[in-house]
Structures are given as C-alpha cells and as structure tokens.
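Each ligand, and each atom within it, is numbered from 1 in the order the structure gives. The model shown is predicted, which means the values in this text are computed figures rather than measured ones.
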Amino acid sequence: MAEITFEGVSKVYDDGTEAVLDFDLQIPHGTFMVLVGPSGCGKTTALRMVAGLEEITAGTIRLGDRVINDVQPKNRDLAMVFQNYALYPHMSVYDNIAFGLRLRKIPGREVRTQVEKAAATLGLSDLLKKKPRHLSGGQRQRVAMGRAIVRDPKAFLMDEPLSNLDAKLRVQMRAEIARIQRDLGVTTIYVTHDQTEAMTMGDQVAVMRDGLLQQVGTPQDVYAHPRNLFSAGFIGSPAMNLIEARLVQRAGELTVEFADTRLRLDDRPGNHSQLASFVGRSIVLGIRPEDMEDAALIGEAPADRRIGARVDLCEVVGPEVYLHFTVDAPPALTDDTRALAAETGDEAVEALEHQAGGKHSAFVARVNRRTAAREGANVELLIDTAALHFFDPQTGNALS
Ligand code: ATP
C-alpha cells in the first residue's frame, strides 16, 4: 500500500527561506491529492521532498510504513511528471516510453507488452513511431505520462504538468489525467497554483499559503466550508465576495448589516453559538457569487433577504451572467485578503486598499441568464442567507 504521510515536515533552504513549515498531511493509498496555493507557497518544495530531490530539514515522510527521509531518489519507486516533458527528441514515442524499462534490463517482450498497454491507455497507439517534434503539446504530455506509467511506480508526483498547454487542451488533459489515475489507482500528488484544476481533478485538495497548510478536504468540502479567509478567497471563481459587516441582535433576531442592507439569519442551519459572541461587533461577511440571484426572476423576495445594487458591468458567460456592482461597505482587509489580491497583481492590492479607504467594495453576482439587469440600472439581488460565510476579522478563521 502506497500511503504517503508527512509528519511535522519543514524545509528551510540554505539562505534561510522557510519554504514549508510543520507540514502534516496523510495521503491514503490510491488518492489523487492536489497541493494548491499561490506562487511561492511551498508546494513544489513539498513534492520535491517526497521525490528525494530536496533534503528534509525536520520531520518525517513515509511511503507506506517506510520512512523515506534518507532513501535515495532512485530507490523510492516514485514517478515524476513535470511541465517540461523532458522527452528525448531523437527517440520515437515507443523508445521514449520504453527507455526506463530497458535501463532496468527488462526483457524485450515484456517491454513491448508494457509500452503497448500504456500507449493504449493514453491513446498513443497510432503515434508510437513518431518523434516528439511531430507531436502536439497534449500528445507530448501523454508520452511523459506513458514513461511514468510503465515504471509501475508506488506513486505519481506531478508538478504543474499542464501549464505549457493552451487553455482548451488543458481542460481536456485535466479530465484525461484524472481518468488515468482513477483507472490505475496509483496514489498521486499533483501540484498546481490553479484552483480550478485542483477543484476538478482532486479527490482531496490541500490548500497552502506561505509554507503552511491551510485546509485539507474534498473539493466540495473546502468550497462549502472554507476554514479561513484565505481558503475562502482562493478557492472559487469568481471569488467569494468579502466585506466588513456588523452582527446585530434585534428583538430576538440575528441580522448581519452593512450600509442600508440588513440580512436576517434565522434560517441558518445549526447553532449560532460562535456567531453569538460577535453580536454588536464587526465581522467579515462572505457571499459566494452564486448565492445571489436577480430577485425579479424569483417573484417574492423579502426585504431582509435582499441587496439593492447598481450594475457596473454585465458579463455574459455562457449560461450565466456575472453582474458586477459596488456595495457601500469596506472590503475585508486582512493579511489573507491582501495576499489574495497580491496574487492578481500590484494593481489589485492598490484597488483593495483604495476601496477600503473609500468604504466601497466590488461585488460579483452570478445570476441566471434570463436576467433583465443592464449596466447602469438598479437591480435587487436575493441572497441565500443560509449560505453566508462569516469570519473573525482578527484571526481570519471561519465562524460556525
Ligand atoms: P511556484 O508555483 O512558483 O513554483 P511553489 O508554491 O511551488 O511556487 P516553492 O517553489 O516550493 O513554491 O518555493 C517556496 C519558497 O521557497 C519560495 O519562497 C521560493 O522562493 C523558495 N525557494 C525555492 N527553492 C529555493 C532554493 N533552492 N533556495 C532558496 N529558496 C528557495
């Protein structure tokens, strides 16, 4: 069984950079685990420590029952797939896939069987005689996968393997890699900065920031229950709207309020005990774009379930419309939200600081394409108040 376990693993580079800190993660046998996070968060370093390409400063990595900290890379029985496929240009597809097997002195007939089996799995059977330069990017990526598959490794380690492909091919290869992994049932660690890739491919995702693990869970779980502001803002596209608001208790009713808006929370499932201690105080309110709908499409929409907005921009995206508007409340400004803005670029950080100064926040709602909302016009948005998210503005941790 090839379970991979990190126990208190840290990596400090010689120049003092703390790339990974006290990392605990258990990857059960056969799991497709995606390490996701912004550039520089330590995901490649974590993967390279499993591969044995980077020394471990502290902690333990196990493969099954065996501690592999000091095992030579070649003896770990793992296969890596990188973004630059590292194919041998002068060799045919067949020879590229067969290379590792021949190196291990596997008999010719066995090599043929394995290469043909892998080629069939990968849809490469008709291309075995071609040289890499005659292949498309997606086909080259498949050859690289083929080389990994025939080694019959204990685990696959993949570092942004799709980042060199164009958008359409990337979507196709995402599905293909996920299918192949499922068919083979080989434990896989997949590194990406692309949250969509993480959400669509992983059985489990591990969100990282600044060398620290933020949250681990199924994509659905991390999406529905982000543990902190960073996970909340990083996972999901368009991102969760995050603003400063106040929790108020009025005549036995709990409400969340900002500007002229007052949303009643009585239909929130579960208990409010964690929220109770924030009554009368600022909190960070999170609303996913899809938890808003054009109220005109619904019919009845009580006033305490609505946000009134003036539409700044109407973006038709396939079957949906993204309504961009401004809310008269400051955006949540914390280390996490600054870090998230920094991912988009310096301009996004400036915009965030500017909005906070001016007490306005950019919002996006994902509404049905039947909406009649138009740019410059007012719209009433019905909020699914049972789906609201709340965070402690000091710690960034999710409440309730
Ligand atoms: P990316 O997606 O940009 O590759 P990442 O999340 O994979 O980012 P790492 O490559 O693991 O991040 O890097 C984590 C941190 O360690 C970064 O601050 C990086 O600059 C630093 N780092 C990586 N390799 C070295 C090295 N050999 N020496 C010193 N610092 C390093």
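- Side-chain atoms of Gln195 come within 3.5 Å of backbone atoms of Gly236 as a donor-acceptor pair (strictly under, hydrogens ignored).
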Practice problem: Let me see the working for Thr334 and Asp336 under side chain to side chain donor-acceptor pair (under 3.5 Å), right down to the final yes or no. | Solution: CA-CA 5 Å; Thr334 68; Asp336 281 342; 4.9 Å; no
Close N/O pairs between ligand 1 and protein, under 3.5 Å:
residue: ligand 1; atom: 2 (O); partner: Lys43; partner atom: NZ; Å: 2.9
residue: ligand 1; atom: 3 (O); partner: Ser39; partner atom: OG; Å: 2.6
residue: ligand 1; atom: 6 (O); partner: Gly40; partner atom: N; Å: 3.4
residue: ligand 1; atom: 6 (O); partner: Cys41; partner atom: N; Å: 3.0
residue: ligand 1; atom: 6 (O); partner: Gly42; partner atom: N; Å: 3.0
residue: ligand 1; atom: 6 (O); partner: Lys43; partner atom: N; Å: 3.2
residue: ligand 1; atom: 6 (O); partner: Lys43; partner atom: NZ; Å: 2.9
residue: ligand 1; atom: 7 (O); partner: Thr44; partner atom: N; Å: 2.9
residue: ligand 1; atom: 7 (O); partner: Thr44; partner atom: OG1; Å: 2.6
residue: ligand 1; atom: 8 (O); partner: Gly40; partner atom: N; Å: 2.7
residue: ligand 1; atom: 11 (O); partner: Thr45; partner atom: N; Å: 2.9
residue: ligand 1; atom: 11 (O); partner: Thr45; partner atom: OG1; Å: 2.5
residue: ligand 1; atom: 12 (O); partner: Gly42; partner atom: N; Å: 3.2
residue: ligand 1; atom: 24 (N); partner: Tyr13; partner atom: OH; Å: 3.4

Please report, to 0.1 Å, the donor-acceptor pairs under 3.5 Å made by any side chain of residues 42-49, with sequence neighbours excluded.
residue: Lys43; atom: NZ; partner: Gly37; partner atom: O; Å: 3.0
residue: Lys43; atom: NZ; partner: Pro38; partner atom: O; Å: 3.2
residue: Thr44; atom: OG1; partner: Asp159; partner atom: OD2; Å: 3.3
residue: Thr45; atom: OG1; partner: Tyr13; partner atom: OH; Å: 2.9
residue: Arg48; atom: NE; partner: Glu54; partner atom: OE1; Å: 3.0
residue: Arg48; atom: NH2; partner: Glu54; partner atom: OE1; Å: 3.4

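- Every pair passing side chain to side chain donor-acceptor pair (under 3.5 Å) that includes a residue from residues 222-231 is listed here, sequence neighbours excluded: Gln214-Asn228, Gln215-Ser231, Tyr223-Glu290.
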Quiz item: side chain to side chain donor-acceptor pair (under 3.5 Å) between Glu197 and Thr192: does it pass, once the steps are laid out?
Solution: CA-CA 7 Å; Glu197 227 165 83; Thr192 180; 3.2 Å; yes
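- Among pairs with a residue in residues 119-132, none fulfils side chain to side chain donor-acceptor pair (under 3.5 Å), at least two apart in sequence or across chains.
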